[in-house]
Each structure stands twice: as C-alpha cells, then as structure tokens.
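When reading the values below, keep in mind they use all heavy atoms of this one structure, side chains included, and skip hydrogens, waters and symmetry mates.
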Amino acid sequence: MGTVHEIYIAPEGSARMRKVDEAEAVASMGLKGDRYCERVGYYSGWDECQVTLIEAEDLESVAADSGLQVLNGEHRRNIVTRGVRLAELVGHAFRAGDAVLAFDRPRPPCAYIQSITESGMTRALVGKSGICALVVKGGVIRPGDEIAVL
C-alpha cells in the first residue's frame, strides 16, 4: 500500500517536533516519548490522538502552493506516510512496522499549529492535515516500514 516516510515526536505540548529513526508504539497510549503518550500534550485529556499521520504528498503540495515550511515536523503529526491515501483507512486497522493501528478520525488543522509555526499554516493544511489512529498492538515503527490494511 505505502510506507512510513518519517517519524516525529515532541516531549511536551509546544515543544518542537523531533525526527526519530524509530518509535515504539504502546498499545492504547501512543508513541513512547511523545507528548500524548506521556499525557502532556496541548490537547491531553480532551481532544488528543494516540498517533497522528499525514501524507508526504499533501505536505509537498502545501509547501509548493503556499511556500510554508511543513516538511520538517511543522505539521505537528507523528508519522508522515508516502504512497498511502489516508482517507482509504477509514474503518480499518492497519500494520505499520511491528505495530497495529486503527483509524480513529480525521485530524483537522487548528489555530494552535499556526500559533507555533507560521501565519497561514492552519488554512494551508485544510483538507490535508491527516488522521488520528489508535494503537491496537504495540511495536516498533521505522521509516521505510510498509503500511498495509489488515
């Protein structure tokens, strides 16, 4: 279907996203070391996602169309995919590396993303801001790992 292109985590809300070589998905929690797994994210307790995914192709389109830098974690999403239409994951569980994730809901952009990046970021990401997923089964996820619907 496609692959994991990049992985990002942030240790707490507002912290800069950090690109990592691998992440451990923890069942029913999120990515170990990420703000939402640790319950210290901006949306913790009321609108959090265990894991967020966004398409590399959408990020490249946003950057080309708007000039905004969304290719190095500015998107505030955990997993950047390549070759995966995230909308096709609705209602499905899917494997990413050793982990099993399940579609939870679309993740619209918010004003918060813009407040810590650039003016216009929220508008630029409308319709291209990815999804939330639940961690059904924990495991290690690395760039290059296949993403496959189960």
Side-chain angles (χ1 to χ4, degrees), residues 1-63 70-117 121-122 124-150:
M1 174 174 218
T3 61
V4 172
H5 180 62
E6 296 174 328
I7 304 170
Y8 294 88
I9 61 172
E12 60 189 24
S14 301
R16 185 170 189 241
M17 298 293 284
R18 181 174 53 93
K19 190 174 181 180
V20 295
D21 293 331
E22 66 179 33
E24 181 183 347
V26 179
S28 301
M29 303 233 0
L31 300 181
K32 189 173 185 178
D34 186 62
R35 62 213 185 274
Y36 292 109
C37 186
E38 306 302 326
R39 313 298 285 191
V40 293
Y42 183 81
Y43 292 106
S44 287
W46 62 283
D47 190 27
E48 63 192 12
C49 295
Q50 291 178 14
V51 178
T52 51
L53 297 91
I54 194 165
E55 298 174 26
E57 295 84 354
D58 280 346
L59 295 174
E60 292 161 356
S61 171
V62 167
V70 291
L71 301 176
N72 296 306
E74 293 87 356
H75 43 72
R76 307 295 297 170
R77 302 300 186 248
N78 297 122
I79 297 175
V80 179
T81 65
R82 181 156 305 276
V84 178
R85 297 296 305 156
L86 296 175
E88 295 175 6
L89 298 177
V90 174
H92 296 286
F94 54 97
R95 182 169 301 286
D98 297 328
V100 175
L101 308 177
F103 180 91
D104 183 25
R105 64 188 187 274
R107 187 63 174 171
C110 62
Y112 180 69
I113 289 175
Q114 183 168 292
S115 75
I116 60 171
T117 57
M121 184 69 76
T122 300
L125 288 171
V126 169
K128 299 178 180 182
S129 60
I131 66 168
C132 295
L134 303 172
V135 181
V136 176
K137 176 183 170 280
V140 175
I141 304 171
R142 295 179 181 91
D145 283 347
E146 181 182 15
I147 296 173
V149 173
L150 299 176

Would you indicate whether the side-chain heavy atoms of K128 and P109 approach each other to under 4.5 Å?
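The answer is no; the side chains never approach within 4.5 Å.
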Does any part of the side chain of R142, heavy atoms only, come nearer than 4.5 Å to the side chain of V4, both counted from C-beta?
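Side-chain contact under 4.5 Å: no.
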Polar side-chain atom of Q50 near backbone of V135 as donor-acceptor pair, under 3.5 Å
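Pair found, side chain donor or acceptor close to backbone of V135.
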Decide if atom NZ of K32 counts as having more than 12 heavy atoms of other residues, nucleotides or ligands within a radius under 6.0 Å.
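Check fails, neighbour count at 12 or below.
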Presence of salt bridge, E55 and R85, under 4.0 angstrom:
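Result for this pair is yes, salt bridge flagged.
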Identify which one of I7, N78, D34 satisfies the side-chain contact (heavy atoms from CB on, under 4.5 Å) criterion when paired with V20.
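Answer to the side-chain contact (heavy atoms from CB on, under 4.5 Å) test with V20 among I7, N78, D34: I7.
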Mind checking the [atom1]-[atom2] spacing from [X] to [Y]? Nearest 0.5 Å is all I need.
X    : Y    : atom1 : atom2 : value
L101 : I147 : CG    : CD1   : 8.0 Å
D98  : D145 : CG    : CG    : 7.0 Å
L134 : R105 : CG    : CZ    : 8.5 Å
M29  : E24  : CE    : CD    : 11.0 Å
K19  : I9   : NZ    : CD1   : 13.5 Å
L86  : E57  : CG    : CD    : 9.0 Å

Which heavy-atom pair separates [X] from [Y] by the least distance, and what is that distance?
X    : Y    : result
R107 : C49  : CD-SG, 3.6 Å
R77  : Y8   : O-CB, 3.6 Å
A93  : V100 : CB-CG1, 4.3 Å
A102 : V136 : CB-CG2, 3.7 Å
M1   : E146 : N-OE2, 4.0 Å
A133 : F94  : CB-CZ, 4.1 Å

Could you please spell out the steps behind the side-chain contact (heavy atoms from CB on, under 4.5 Å) verdict for H75 and V80?
CA-CA 9 Å; H75 43 72; V80 179; 3.7 Å; yes
